[in-house]
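What follows is a set of notes on a single structure, which appears directly below.
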2 protein chains.
Amino acid sequence: MGASSKIRQLDPAAICRSSDPLAVRELLTKIGDKWTIFVVLSLDLLGGRARFSELERAVPGISQRMLSSTLKNLERDGMVIREVFPEVPPRVEYEMTELGRRLLHPTQGLVDWAKENWEQVREAQSRYDER
Amino acid sequence: MGASSKIRQLDPAAICRSSDPLAVRELLTKIGDKWTIFVVLSLDLLGGRARFSELERAVPGISQRMLSSTLKNLERDGMVIREVFPEVPPRVEYEMTELGRRLLHPTQGLVDWAKENWEQVREAQSRYDER
DNA sequence: TCAGTCACTTACGTCGAGGTAAGTTATGGG
DNA sequence: CCCATAACTTACCTCGACGTAAGTGACTGA
């Protein structure tokens, strides 16, 4: 058996080029949920800082429950900081951290990919379905 | 009211910089599921072409059911091509398309981000949890 | 006194992603 | 005759993501 048969074997830990594969999966799972990207991108478009109700209006279709839990997850992951102002009615502002802002770069790469290739995906799906 | 109050308003369609927001969400949802990235990255590491059982061994923990459905989705989206060889026992090979290979670039950006920033995410989570 | 505001939380129900295990098909080899 | 093999499919179940709707608390202005 030569090297050509060996090269087909794959070290399980080597997926994702030796980084922690589970970290990559967790990250993708997080930003792959229904609302996280929209909230992150909207927060960025709003200048990196906005209050709850602004985000609610900025992300069409999101409910208070989902916005709340999405923001809570982002806060827990260190992507945003939550600041409470002790007023009545209450005011809460969310600000992107440096960590969160850094995530925007690779995310934008996917956004661009979708812009350029999604039509092709749609066509492939149509071809596959009619048959 | 000046421009500073207007700028906080957000055109719903403008999320993701005017590309189709739903396409971006669908894309993220697809590669954000449990197995797709692992399958795609493994297929790439195996030279862009591999048979079912090779992928099964390459992706630790995946079941035949999930590998089968993940590959079917990738095929439907035009990311891989399925080739059947009429032999016994059967042989089926999966090959990445140009479209699929193009997706690797932005995906690698996220992999790199995880490599460099995941430790920081873990720390943020710990800080958040103990409190 | 009462309604309105904001930023939530709680309760409840649905639906689909994903896990486990077993079955299937066709054939060559012992 | 029977088993192994590859690449699946099918049946069944669980659990969590997500939706909807209503409640909450503290204060202000009418």
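Letters A, B, ... are given to chains in the order of the sequence lines, protein chains preceding strands, and every chain is numbered from 1.
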Open item on the list: By the 4.0 Å heavy-atom rule, please label A:Y94 as base, sugar-phosphate, or nothing.
Closed with: sugar-phosphate
- [ ] Round to a whole Å and report the spacing from CG of B:L67 to P of D:dA7.
- [x] 10 Å
Task: Euclidean distance, atom CD1 of residue A:I62 to atom C1' of D:dG19 [Å, nearest integer] - done: 12 Å
- [ ] Could you list the residues that satisfy side-chain hydrogen bond (donor to acceptor under 3.5 Å, both in side chains) with B:E119, not counting sequence neighbours?
- [x] none
TODO: Report, as a single string ordered 5' to 3', how protein heavy atoms within less than 4.0 Å touch nucleotides 13-30 of chain C: B base, S sugar-phosphate only, - not at all.
DONE: -----BBB-----BB---
Task: side-chain hydrogen bond (donor to acceptor under 3.5 Å, both in side chains) partners of A:E87, counting only residues at least two apart - done: A:R91
Task: CG-CZ distance between A:D33 and B:R25, expressed to the nearest 0.5 angstrom - done: 9.5 Å
TODO: List for me each residue that meets side-chain hydrogen bond (donor to acceptor under 3.5 Å, both in side chains) alongside A:R65, sequence neighbours excluded, and say none if there are none.
DONE: none
Task: Rounded interatomic separation in angstrom, taking CD from B:E56 and P from D:dA6 - done: 9 Å
Task: Partners passing side chain to side chain contact (heavy atoms under 4.5 Å, CB included) against B:L99 (at least two apart in sequence or in another chain) - done: A:W113, A:N117, A:Q120, A:V121, B:M79, B:T97, B:R102
Task: A:E116: partners by side chain to side chain contact (heavy atoms under 4.5 Å, CB included), with sequence neighbours left out - done: A:D112
Task: Rounded interatomic separation in angstrom, taking CD from B:E87 and C1' from D:dA6 - done: 11 Å
Task: Length of the CD-C1' vector between A:E93 and C:dC6, whole Å - done: 13 Å
Task: Below 4.0 Å: OP1/OP2 of C:dA7 and any side-chain N or O of A:S68 - done: no
TODO: Tell me whether the OP1 or OP2 atom of D:dA17 has a side-chain N or O from A:S69 closer than 4.0 Å.
DONE: no
